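Contents: one structure, followed by commentary.
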Amino acid sequence: MKFQTVRGTKDILPAEIYKWQHIERTVRSVCERFGYTEIRTPVFEETALFARGIGETTDVVGKEMFSFNPSMEGDAMDSITLRPEMTASVMRAYLQHSLQTLAPLTKVYYFAEMFRKERPQAGRQRQFWQFGCECLGSTAAVSDAEVIAVMSLIYRELGITSATMKLNSLGNLETRKTYRVALQDYFRPHFEKLDAVSKERFDKNPLRILDSKNQSLAEIISDAPRLVDFLDDDSKKHFETLQSHLTNLGIAFELDFKLVRGLDYYSRTAFELVSTDLGAQDALGGGGRYDGLSTALGSESEVPAIGFASGVERLLMVMEKQNLFDHLKPQPPVLFIAALGEAAVKVAMTEAYKLRAKGVRCEMDLLGRSLKSQMREANRSGATYTVVLGDDELEKGIVQLRKMSDATQTQIALNEIIDKIQVGK
RNA sequence: GCGCCCGUAGCUCAAUUGGUUAGAGCACGCGACUGUGACUCGCGAGGUUACGGGUUCGAUGCCCGCCGGGCGCCCCA
């Protein structure tokens, strides 16, 4: 085999597409019930948008972007990048088209493919799909609650029950500066006990030490000062209001003071949905408030916003494991027409066409196969009925309508097929 | 990007310490049944053993490289 998909990419084949369609249908349905409208943005953007929007120091920007220079003469496309996430693009679109002038609040959702140049592993690909929504324009905790509710209802309607929603508040930029210093003060006496990765994080991003998967550090970490205790009054109030909204909605969550999302422009709310049915990449989705993003992108006014993103491949893995696709097999055809001979094929084609135009799913053989093979095909297709059409039937205008489940056959006129099968449906 | 493991028909797996025409089940095609599916029984097609080198009289099995996959790390969806 000469060609194959490039590393970290996958085909989604016809046999499994119904799973994807089910997820996509559910996502769209829930988002739209909450009043979110789909947004589609270009699959690539100026590299600088992501560099500024996600943060120069993050891994995503630092080493995972698919960037290239198309070098088109007379074009100012110095460097463009396949989107590694959607939030920056959504904010760009919001600012570019001045969406705030249309309404004080903008609520959008997306279902789109993302690209990151990472080493593939279970639940991690170089091209992968995400869905999510963004609510731009409100600082109110009720908007945080709504976004989490959207996410939560999507998973609920898909049948996911075992996932855990982790919740934290990061406060504002000041909060995190103070907390950062407090954390360094706390870890400094333990510095020699830290592992190499944590030592590196000590200066770069001490909040990430809390994230360490190293069990031997668990004790030190659990005694570390908590970010919640450093929250300013407004953030504290915001956090409490959010929690009471979630409680009212019956959305279960776990406070997790170790949950820190690395990007600078994040503020206050941070959340993540994790599942034990995944491997090391155990996050189904996550999100947070990003009030600082608009100004990071050069906007003069601050656009408060919150959103979430979810990984479709990971969701699929969990649903597969929990057998949540079992009742969703694609619809089989109602009728299969087995035609014998050129004249019969012609009639079969036109009859099938009429039925299809009327909304009936109907199939016929395209390979010139024997009757036996066509019957096998009819059986395989799961058709409810099969009609056999040969010279005799053509002559008399009468066909045998075979009910596949019990092999009973009834004689009916060719032009009465539609009445029969719709009654029998 | 780093470490460890893996790669044989479409799929799941065989193939005595390196030994001659690389097998089986499932799936697929055809037939038994000259115009009637499922069950059964035959027959058939399907492989450059991922790819490229090396060692050897001889390599699916050993060595190197490369491509791809899995697990973990980093990070995230």
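Lettering of chains follows the sequences in order, A, B, ..., and the numbering in each one begins at 1. Atom set for the values below is all heavy atoms of this structure, side chains included, hydrogens, waters and symmetry mates excluded. For clarity, every value in this text was computed on a predicted model and none was experimentally measured.
- Regarding contacts with the backbone of rC30(B), a side-chain N or O of Ser373(A) is found under 4.0 angstrom from either OP1 or OP2.
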Side-chain donor-acceptor pairs under 3.5 Å in residues 316-327 of chain A, sequence neighbours left out?
from, atom 1, to, atom 2, distance (Å)
Glu320(A), OE2, Lys19(A), NZ, 2.7
Gln322(A), NE2, Ser162(A), OG, 2.8
Gln322(A), NE2, Asp277(A), OD2, 2.7

Considering only distance and modelled atom types, tabulate donor-acceptor pairs under 3.5 Å from the side chains of residues 408-415 of chain A, sequence neighbours left out.
from, atom 1, to, atom 2, distance (Å)
Thr408(A), OG1, Asp406(A), OD1, 2.8
Gln409(A), OE1, Arg402(A), NH1, 2.9
Gln409(A), NE2, Gln400(A), OE1, 3.4

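- Of all nucleotides listed (rC73(B), rG29(B), rA77(B)), rA77(B) comes nearest to the side chain of Ala283(A).
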Protein proximity profile, nucleotides 36-42 of chain B - base contact B, sugar-phosphate-only contact S, no contact -, cut-off 4.0 Å on heavy atoms: BBB----

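- Stems are defined here as 3 or more consecutive Watson-Crick or G-U wobble pairs with pairing distances under 3.5 Å; those involving RNA chain B are B:1-7 with B:67-73, B:10-13 with B:23-26, B:28-32 with B:40-44, B:51-54 with B:62-65.
- Contacts classified as side-chain hydrogen bond (donor to acceptor under 3.5 Å, both in side chains) and involving residues 332-352 of chain A (residues at least two apart or in different chains) are given here: Glu351(A)-Lys354(A).
- Rounding to whole angstrom units, CZ of residue Phe111(A) and P of rA77(B) are separated by 16 Å.
- A gap of 16 Å separates the C1' atoms of rA59(B) and rU16(B), to the nearest Å.
- Remark: Arg7(A) is not in phosphate contact with rC67(B), judged by side-chain N or O atoms under 4.0 Å from OP1 or OP2.
- Going from atom CG of Leu394(A) over to atom C1' of rG35(B) covers 13 Å, rounded to whole Å.
- Atom CZ in Arg314(A) sits about 11 Å away from atom P in rC76(B), given to the nearest Å.
- Salt bridge annotation for Glu45(A)-Arg83(A): absent, with no cationic side-chain nitrogen under 4.0 angstrom from a carboxylate oxygen.
- Contacts of Gln125(A) with the nucleic acid, taken as non-hydrogen atoms under 4.0 Å apart, include base atoms.
- Residues passing the side-chain hydrogen bond (donor to acceptor under 3.5 Å, both in side chains) test with Thr276(A): none are found, sequence neighbours excluded.
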